Amino acid sequence: MKLTTREITIFAMLGAVMYASKVIMELAPNIHLLGVFTIAFTVVYRKKALYPIYIYVLLNGIFSGFSAWWIPYLYLWTVLWGVVMLLPKKMPKLIQPVVYMTVCAMHGFLFGTLYAPVHAVMFGLSLEAMIAWIVAGLPWDVLHGISNFFCGMLIMPLISILRLAEKSVEKT
């Protein structure tokens with residue numbers, strides 16, 4: 001996965017856009033565009049989408065601290081990336097928006113559950129305590145999943161914009 005100078009620049013900017021969008025939307029808890037960006041970048045850039053995703057993760061650590069909350073970020077976005085990578089590349093256009101919005105929503109609904117095992121290990125929680133932690137966070141995960149679904153309406157337009165930008169560069 002050798003990168004060109006152009007790709008390094010693009011991926012750095014996309015990772016920074018992810019981070020900036022998160023900061024801008026922090027006033028609304030668990031409502032953000034990170035799933036939208038992760039899915040769109042994965043559809044367009046495939047394996048290379050990991051670059052902007054991990055630039056975002058690194059920026060999170062740099063500006064908010066490399067603390068216990070940050071450790072699950074090392075894999076949470078990769079789970080979403082992996083699910084999108086497993087989807088067929090040539091899905092019928094009619095179902096693409098629904099599939100991407102549903103995957104985005106499921107990541108939001110499962111966020112706390114995906115997050116919990118690392119914290120359980122780090123803080124010595126029993127299985128029961130981890131499950132209680134997940135259950136206590138369910139209202140936030142429901143909000144997260146619902147907001148991800150509706151924010152997911154932006155996935156297809158973002159994919160179109162990224163593909164158009166890539167095509168315009170190829171022509172020059």
Side-chain angles (χ1 to χ4, degrees), residues 1 3 7-8 11-89 99-152 154-155 158:
M1 282 197 331
L3 296 176
E7 287 175 321
I8 291 169
F11 295 151
M13 289 177 16
L14 293 176
V17 166
M18 283 181 79
Y19 181 76
S21 76
K22 182 208 97 129
V23 171
I24 290 167
M25 296 185 77
E26 279 180 344
L27 293 173
N30 287 6
I31 299 173
H32 54 72
L33 299 173
L34 300 173
V36 170
F37 287 125
T38 300
I39 292 170
F41 296 168
T42 304
V43 169
V44 174
Y45 298 110
R46 308 301 297 163
K47 290 179 186 174
K48 290 182 178 182
L50 289 171
Y51 289 109
I53 292 167
Y54 277 98
I55 288 169
Y56 159 73
V57 170
L58 183 62
L59 288 172
N60 247 325
I62 289 169
F63 291 109
S64 299
F66 295 100
S67 188
W69 68 268
W70 181 81
I71 306 247
Y73 274 50
L74 293 171
Y75 67 86
L76 281 168
W77 305 107
T78 311
V79 170
L80 181 55
W81 171 85
V83 169
V84 176
M85 286 293 286
L86 292 173
L87 294 173
K89 285 184 188 178
V99 169
Y100 295 144
M101 289 168 66
T102 302
V103 168
C104 196
M106 292 310 299
H107 189 257
F109 287 128
L110 295 171
F111 198 84
T113 303
L114 293 168
Y115 204 97
V118 167
H119 275 209
V121 170
M122 288 173 56
F123 299 117
L125 300 178
S126 65
L127 179 61
E128 293 82 13
M130 181 183 80
I131 291 170
W133 190 75
I134 291 169
V135 170
L138 283 178
W140 295 107
D141 290 337
V142 168
L143 174 63
H144 197 177
I146 291 169
S147 69
N148 273 11
F149 182 79
F150 288 105
C151 289
L154 299 172
I155 294 169
L158 183 56

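On a predicted model such as this, the values are computed, not experimentally measured, just so you know.
Interatomic distance, Lys48 NZ to Ile53 CD1, rounded to the nearest 0.5 Å: 14.5 Å. Taken to the nearest 0.5 Å, the CG atom of Asn30 stands 11.5 Å off from the CD atom of Glu26. Distance check, rounded to the nearest 0.5 Å: CH2 of Trp81 to CG of Leu76 gives 15.0 Å. Distance check, rounded to the nearest 0.5 Å: CZ of Phe41 to CG of Leu14 gives 4.0 Å. A distance of 12.5 Å separates CG in Leu138 from CG in Leu143, rounded to the nearest 0.5 Å. Within the model, atoms NE2 of His107 and CG of Asn148 stand 8.0 Å from one another, a figure rounded to the nearest 0.5 Å.
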**Study point:** Step-by-step side-chain contact (heavy atoms from CB on, under 4.5 Å) determination, Tyr56 to Val17
**Key:** CA-CA 8 Å; Tyr56 159 73; Val17 166; over 6 Å; no
Practice item. Assess whether side-chain contact (heavy atoms from CB on, under 4.5 Å) is satisfied between Ser147 and Met25, documenting all intermediate values. Key: CA-CA 12 Å; Ser147 69; Met25 296 185 77; over 6 Å; no
Exercise for review: Could you check Tyr100 against Val43 for side-chain contact (heavy atoms from CB on, under 4.5 Å), going step by step and ending with a plain yes or no?
Suggested key: CA-CA 10 Å; Tyr100 295 144; Val43 169; 3.6 Å; yes
Exercise for review: Determine, stepwise, if the pair Leu80 / Val103 fulfils side-chain contact (heavy atoms from CB on, under 4.5 Å).
Suggested key: CA-CA 8 Å; Leu80 181 55; Val103 168; 3.6 Å; yes
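Between Tyr73 and Phe111, the ring planes are perpendicular. Angles over 60° get that label, and only those under 30° would be called parallel.
Side-chain atoms of Tyr115 come within 3.5 Å of backbone N or O of Trp69 as a donor-acceptor pair. Remark: side-chain polar atoms of Asp141 are paired, donor with acceptor, to backbone N or O of Gly112 under 3.5 angstrom.
The distance between the ring centers of Tyr51 and Tyr45 does not fall below 6.0 angstrom.
Using modelled atom types, one finds a donor on one side chain and an acceptor on the other under 3.5 Å when comparing His144 with His32.
Counting all heavy atoms, side chain and backbone alike, Pro117 lies closest to Met130 at CA-SD, 3.7 Å. Counting all heavy atoms, side chain and backbone alike, Ser64 lies closest to Tyr19 at OG-OH, 4.1 Å. Heavy-atom minimum distance, Gly35 versus Trp77: N-CZ3, 4.2 Å. Annotation for Phe37 and Ser21: closest pair CE1-OG, 3.3 Å, computed over non-hydrogen atoms. When all heavy atoms of Ala105 and Phe149 are compared, the closest pair comes out as CB-CB, 3.7 Å. When all heavy atoms of Cys151 and Val36 are compared, the closest pair comes out as O-CG2, 3.2 Å.
For His119, the side-chain hydrogen bond (donor to acceptor under 3.5 Å, both in side chains) test picks out no residue, with sequence neighbours left out.
Atom CH2 of Trp70 is surrounded by more than 12 heavy atoms from other residues, nucleotides or ligands within 6.0 Å. In this structure, Phe66 places its CZ atom where more than 12 heavy-atom neighbours from other residues, nucleotides or ligands lie under 6.0 Å away.
In this structure the side chain of Leu114 never reaches within 4.5 angstrom of the side chain of Pro72, judged on heavy atoms.
Only one option out of Thr38, Ile55, Leu59 pairs with Met18 in a side-chain contact (heavy atoms from CB on, under 4.5 Å); it is Thr38.
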